[in-house]
Structure formats: C-alpha cells, structure tokens
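Down below is the structure, laid out as structure tokens.
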Amino acid sequence: MRFAKSWIVATKDLSVFKKNRYILYSLIGLPLLMGILIPGILIFSLQAESAGLTQAQLTETANMLINLFTAYFVIIAAVLPTIIASYSFVGEKLEKSLEPLLATPTTDSELLFGKSLAAFIPCVGATYIGTAIFVVIVDVWSFTELGVLLMPNPYWAIIIGAVTPLACVLSVEANVIISSRVNDIRAAQQIGGLVILPLLLVMILASTSQIFPLVTLALIVSGALAVADLALFYLAKATFKREEILTKWK
Amino acid sequence: MIETENLTRKFGGLTAVENLTLRVEEGEVFGFLGPNAAGKTTTVRMLCCLISKTSGEARIGDYHVDREADCLAIRKMVGFLPENVGLYENLSAYRNLDFYGKLYEVPDEKRRENIERLLKLLGIWDRRNDNVGDFSKGTKQKIAIARALIHEPKVLFLDEPTANLDPEASKTVRDFVLELKKEKHTIFLNTHNLDEAEKLCDRIGILKTRLIAVGAPTELERSLYNRKTIVHLQAVTAQVTEAVKQFNAVKSVREVDNKLVLDMDHPERDNPELVRTIVAAGGDIQYVTELKSTLEDVYLKLIREAKTQ
Ligand SMILES: Nc1ncnc2c1ncn2[C@@H]1O[C@H](COP(=O)(O)OP(=O)(O)OP(=O)(O)O)[C@@H](O)[C@H]1O
Ligand SMILES: [Mg+2]
C-alpha cells in the first residue's frame with residue numbers, strides 16, 4: 001500500500017468537505033457546543049451543591065462529574081463520521097464518481113484508506129478541540145475554586161487517547177459497509193447513527209458500575225473497540241472492492 | 001494493442017458478453033456498436049480492469065486483465081471515459097483534473113502543462129476555477145474527456161462520448177477524437193450514433209452479446225448488397241429495357257417509375273459502356289447515380305437477424 005496515493009484521495013475528500021456547509025457547521029458546531037456546554041453544566045451543578053460540602057467532598061463530586069461527561073466526547077467522535085462519511089461514500093456513489101476513480105492505478109485498499117482517513121481526521125480533530133476547551137474551562141474553575149488542576153486525569157487520557165479514535169474508526173467503517181446498501185445520504189446517516197447505541201450503553205454502564213476502577217474499565221472498552229474495529233475492517237475491506245462496487249452496490 | 005479471445009462475462013444467469021474475440025491495432029479507432037444491453041459497457045469495464053471476466057482472455061498490450069500486477073500497469077496506460085461523467089461537482093474543473101493527474105502519477109510540471117493544454121483545447125481554460133456543478137452537460141463531458149487524457153494514455157476507452165450532447169457539442173467532441181486519431185492514440189469507442197461511428201472509426205464491431213460483424217465501415221456497407229446504379233430516364237421504353245437486359249455486365253434490372261435500378265459487380269468499369277448502350281437505344285438520360293446501403297441498413301439488418309436467431 002502506498003500512503004502517498006491514499007493521501008491524494010484524502011486531501012481531495014477534505015477539500016470537498018470544506019465546501020459543504022452542512023459538514024463544516026457540524027464539525028465546528030458540535031464539538032464547540034459540547035466543549036462549552038458540558039463544563040458549563042458541570043460548573044453550574046457544582047456551584048449549586050457546593051454550599052454544604054467540604055473541599056474534599058467538592059473535589060470528589062467534581063471528579064465524578066468530569067469522568068461522567070468525558071464519555072460524551074466519545075459519542076461526538078462516533079456521531080461526526082456518520083455525517084461526514086455518508087457524504088464521502090454515498091455521496092460519491094450518487095455522483096457516480098467511483099467508476100473513474102476505480103479506473104486509476106490505485107488499489108482498493110489505498111482508496112478505502114484514503115477516504116477513511118479523510119473522514120477520520122476532521123472528526124477526531126474536531127472532537128479534540130472540543131475536549132481541549134472542556135479541559136481548559138474545568139481547570140480554570142477548579143484552580144480558582146479548589147486551588148488544584150483536576151484535568152487531565154488518567155481516565156480522560158485513555159478515553160480521549162484510545163477510546164475516542166477507536167470509536168471514530170468504528171463509525172467510519174460502519175459507514176463504508178452501510179454505503180454499499182443505501183442510496184440516500186440521510187438514510188446512511190440514520191443507520192450509521194445506530195453505531196452509537198452500543199457505545200452509549202457501554203458508557204452508561206461504565207460510569208455507573210462500581211465493579212472495576214474507571215481506568216481499568218476504559219482500558220477494557222478500548223480493547224473491545226479495537227477488536228470490533230478489526231472485525232469491521234475486514235468487512236469494510238471486503239465491501240470496498242472494485243468488482244463489488246461496480247456490480248453489487250445498488 | 002487490444003486483444004480478446006472468447007471473452008465472456010456472466011451476471012448470475014445472464015450472459016452479458018459471450019465469446020468475444022477481437023483485435024484492435026495500435027493507432028486504430030475502433031467503434032463498438034450495439035443495442036442497449038448489448039454488453040458494450042461490460043466489455044469496456046473488463047478491458048479497463050474494473051470488473052472481472054467469467055472466462056476467456058483479454059490483453060492490453062502485453063498485459064493481462066486478470067493479473068493483479070498487470071492491472072495497475074493497464075490502468076496506467078489506459079484512459080477511460082465512463083458512461084456517467086462522475087466529476088466532483090463541488091470542485092473546480094482544474095481541481096478535478098489535478099486530482100486525477102496526481103492519481104495517475106503525472107509529475108507536477110507536466111500535470112500543469114497537460115491541464116492547461118487540454119482545457120485550452122476544449123475552450124474551458126477561462127472557466128477552470130468554476131465549480132463543475134455550474135457547467136452544462138456538454139462542458140462536463142468535455143472535462144471528463146480531458147480527465148481521461150490527463151496522463152497521455154496510449155489507449156483510450158470512450159463509452160458513448162457524445163450521448164446527451166447537442167449537435168454542436170457533439171461535433172466538438174468528434175473533432176477532438178479526430179485530433180487524437182492523428183496523434184496515433186488507440187481508441188475504443190462505444191456509441192449508438194452510426195453516423196459518428198462511420199465518420200470516426202477505422203473499423204466497427206457490432207455486438208449483441210456476441211460479436212455479429214466486424215469490419216471497416218465501407219466493407220460492412222458493401223456486405224449487405226452490391227452497390228447499385230440508378231439511371232433516371234425521361235421515360236423508360238421497351239427498347240431501353242431490352243438493351244439493358246442484353247448488356248452482359250448487368251446482373252439484374254428493376255424498373256421503378258422512370259428509373260432503372262441495376263445491379264453490377266464493377267459499375268466503375270462498365271457504366272460508361274452502359275450509358276452509351278442506353279443512349280443508342282434512344283433513352284434520354286437525366287441522371288446516373290449510385291445507391292449505397294448505409295451503415296444503418298447493415299446495422300438494422302444484422303440486429304434483426306440476431307434477434308430472430
Ligand atoms: N452489475 C450488473 N448486474 C447484473 N447485470 C448486469 C450488471 N451490469 C450489466 N448487466 C447486464 O449486462 C447486460 C449488458 O449491459 P451493458 O451495460 O454492458 O450494455 P451496453 O451495451 O453498455 O448498453 P447501453 O447501450 O444501454 O449502455 C445488460 O443486460 C445488463 O442488464
Ligand atoms: Mg453502456
């Protein structure tokens with residue numbers, strides 16, 4: 001596989017996204033909103049409860065809420081690709097631009113990797129910007145109120161460093177598979193959105209269960225996602241074959 | 001340059017192309033005619049390494065379409081205009097071509113040169129930065145043709161290049177193909193336009209799942225029936241008819257109104273004598289013309305025959 005080839009495809013896709021207002025607004029809006037809204041809610045609820053609490057109790061509550069809200073960024077990283085990748089794969093299918101693309105001296109894997117990369121980069125990038133804002137706001141608050149920096153913490157680091165990109169990859173791969181069966185961008189987005197359901201379930205269980213320490217839990221979730229990614233990778237690769245695209249994608 | 005042997009492609013129970021054996025020489029313009037669903041697009045897709053064949057052989061140059069490594073080489077030396085233009089509507093004409101130039105591994109400098117040359121040739125250079133979505137169908141088709149040529153391919157596959165174009169745009173495209181022919185490109189042209197095939201192609205193949213005829217346009221036209229000579233007379237008299245029937249070279253005579261329709265093997269050689277004979281018999285000749293069967297006649301006849309088989 002030649003990475004340069006994939007990169008040509010990825011940069012083309014990125015310039016297409018740049019011209020699509022819906023994609024652009026989603027990429028900027030969603031993480032920005034979450035980056036401000038989540039710490040806003042967090043701080044507001046802490047301020048409301050802080051009256052009867054000791055410093056230590058307040059810190060503990062804050063940490064609990066931080067960990068709870070950190071998981072939301074995984075959801076963003078999984079939702080954004082359903083918006084972008086549906087344009088990238090179903091969109092290209094509708095424009096009938098896959099056939100000339102497949103006629104170039106590029107392998108199926110190079111094309112698939114390039115297109116996936118183009119969906120992955122902006123989604124993870126936007127999520128990271130959102131979570132960076134979250135961290136900064138929380139720290140400014142905790143430093144002024146408690147005199148300590150509560151973030152980053154190890155749980156957050158694993159969620160953002162591993163779980164978020166893995167969830168994003170899962171979502172992109174799911175979209176490739178969905179694109180082979182669906183001829184409508186909206187439908188692809190809706191079906192793609194289902195990917196977040198199991199994630200959501202895991203996240204809720206993770207943040208409420210007391211069986212494992214949070215960090216262990218985050219590691220287990222990463223491992224499970226990595227396995228799911230690998231499985232879907234083979235499925236996506238089998239779906240994204242010249243022959244399949246030209247004769248079976250309807 | 002392009003060679004197939006018993007090339008066959010099936011889709012489930014449906015045979016799209018059956019035992020196609022064909023040879024297209026280097027520098028030749030080959031026209032592929034056939035009704036809808038004849039298998040023209042399927043053939044081209046197999047030759048461009050886009051879909052696999054069910055059986056048989058196909059080669060472009062020395063490369064085999066069923067070898068993974070050869071396929072990359074084939075795609076590199078082949079330019080392909082698909083049935084649907086498939087351009088990126090939200091990107092400019094220039095960006096579209098630039099993207100494909102990069103994928104075809106055309107070096108930066110060369111790529112800029114080629115894009116400029118092609119877009120100028122097709123009269124789109126001034127609008128190179130406009131989004132493709134803003135262009136008319138004909139202009140999009142031209143951009144797609146430029147895309148197929150961006151890497152200066154030796155072999156060009158054009159799948160219905162003038163479908164959906166107005167007469168003027170069709171002519172631009174056709175003239176462009178003639179230019180390419182001068183530059184010795186090997187061109188494989190799928191078309192429904194018989195006139196176009198006749199004007200552009202050195203040889204024509206007629207496909208209906210199987211190849212039912214192949215040859216130069218003039219050969220095909222003659223294959224239907226001999227050229228006929230028509231003599232328009234002031235009036236057809238018994239003496240004239242008798243004199244013509246006595247004339248050795250004439251194989252058959254038919255009288256239609258004030259015309260005689262004559263069938264001969266060598267009209268160029270025998271017509272002068274024939275005219276003298278008619279004049280001697282007292283015939284007043286108005287015109288002498290040639291009746292040729294057109295490619296359309298041949299095409300329709302062959303397709304009808306294929307249907308009844
Ligand atoms: N992916 C596919 N799955 C099933 N059948 C197919 C597929 N692609 C083509 N066919 C069938 O193969 C036959 C040949 O189709 P093809 O597109 O090659 O015809 P064509 O000569 O290009 O027709 P047209 O002039 O309409 O473009 C048709 O009967 C078509 O329905
Ligand atoms: Mg066709």
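Chain A is the first sequence line, chain B the second, and so forth, proteins listed ahead of strands; every chain is numbered from 1.
Using a 4.5 Å cut-off between heavy atoms, B:L91 touches chain A through backbone and side chain atoms alike. When heavy atoms are compared at a cutoff of 4.5 Å, A:L101 approaches chain B by way of both its backbone and its side chain. Interface remark: A:T106 contributes backbone and side-chain atoms alike to the contact with chain B (heavy atom separation under 4.5 Å). For chain B, the nearby part of A:K19 is the side chain; its heavy atoms alone come within less than 4.5 Å. For B:V85, the part lying near chain A is the backbone, with the side chain staying farther off; criterion is any non-hydrogen pair under 4.5 Å.
Residues A:F73 and A:F134 bring their aromatic ring centres within 6.0 Å. Taking the six-membered ring for Trp and the full ring otherwise, B:F30 and B:F188 have centroids separated by under 6.0 Å.
With B:S55 contributing its side chain and B:T8 its backbone, the two residues share no donor-acceptor pair below 3.5 Å. For A:S97 (side chain) and A:E92 (main-chain N/O), a donor-acceptor pair under 3.5 Å exists by modelled atom type.
Cation-pi check for B:R9 over B:F11 is met; the charged atom lies under 6.0 angstrom from the ring centroid and within 45 degrees of its normal. Figure legend: A:K115 and A:F89 shown as a cation-pi pair, the cationic atom lying under 6.0 angstrom from the six-membered ring centre and within 45 degrees of its axis.
Under the disulfide (SG to SG under 2.5 Å) criterion, B:C48 pairs with no residue at all, not counting sequence neighbours. For A:R242, the side-chain hydrogen bond (donor to acceptor under 3.5 Å, both in side chains) partners two or more places apart in sequence, or in a different chain, are A:D108.
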Can you give each donor-acceptor pair under 3.5 Å made by side-chain atoms of residues 184-194 of chain A, sequence neighbours left out, with the distance rounded to 0.1 Å?
{"residue": "A:D184", "atom": "OD1", "partner": "A:R186", "partner atom": "N", "Å": "3.1"}
{"residue": "A:Q189", "atom": "NE2", "partner": "A:S86", "partner atom": "OG", "Å": "3.2"}

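Highest contact tally toward chain B, considering only A:E244, A:K12, A:E110, is held by A:K12 [criterion: heavy-atom pairs under 4.5 Å]. Contact count against chain A (heavy-atom pairs under 4.5 Å) is highest for B:K76 among B:E68, B:M77, B:K76, B:E83. Each of A:K18, A:E95, A:K5, A:K241 has some count of heavy-atom pairs under 4.5 Å with chain B, and the biggest count is that of A:E95. Annotation: maximal heavy-atom pairing with chain B below 4.5 Å, among A:L98, A:I245, A:V9, A:N20, occurs at A:V9.
Of residues 93-127 of chain B, those residues with a non-hydrogen atom less than 4.5 Å from any non-hydrogen atom of chain A are, in numerical order, B:R95, B:F99, B:Y100, B:K102, B:L103, B:Y104, B:E105.
For the pair B:H151 and B:R75, the tightest heavy-atom approach, listed with the atom from each and the gap, is NE2-O, 4.2 Å.
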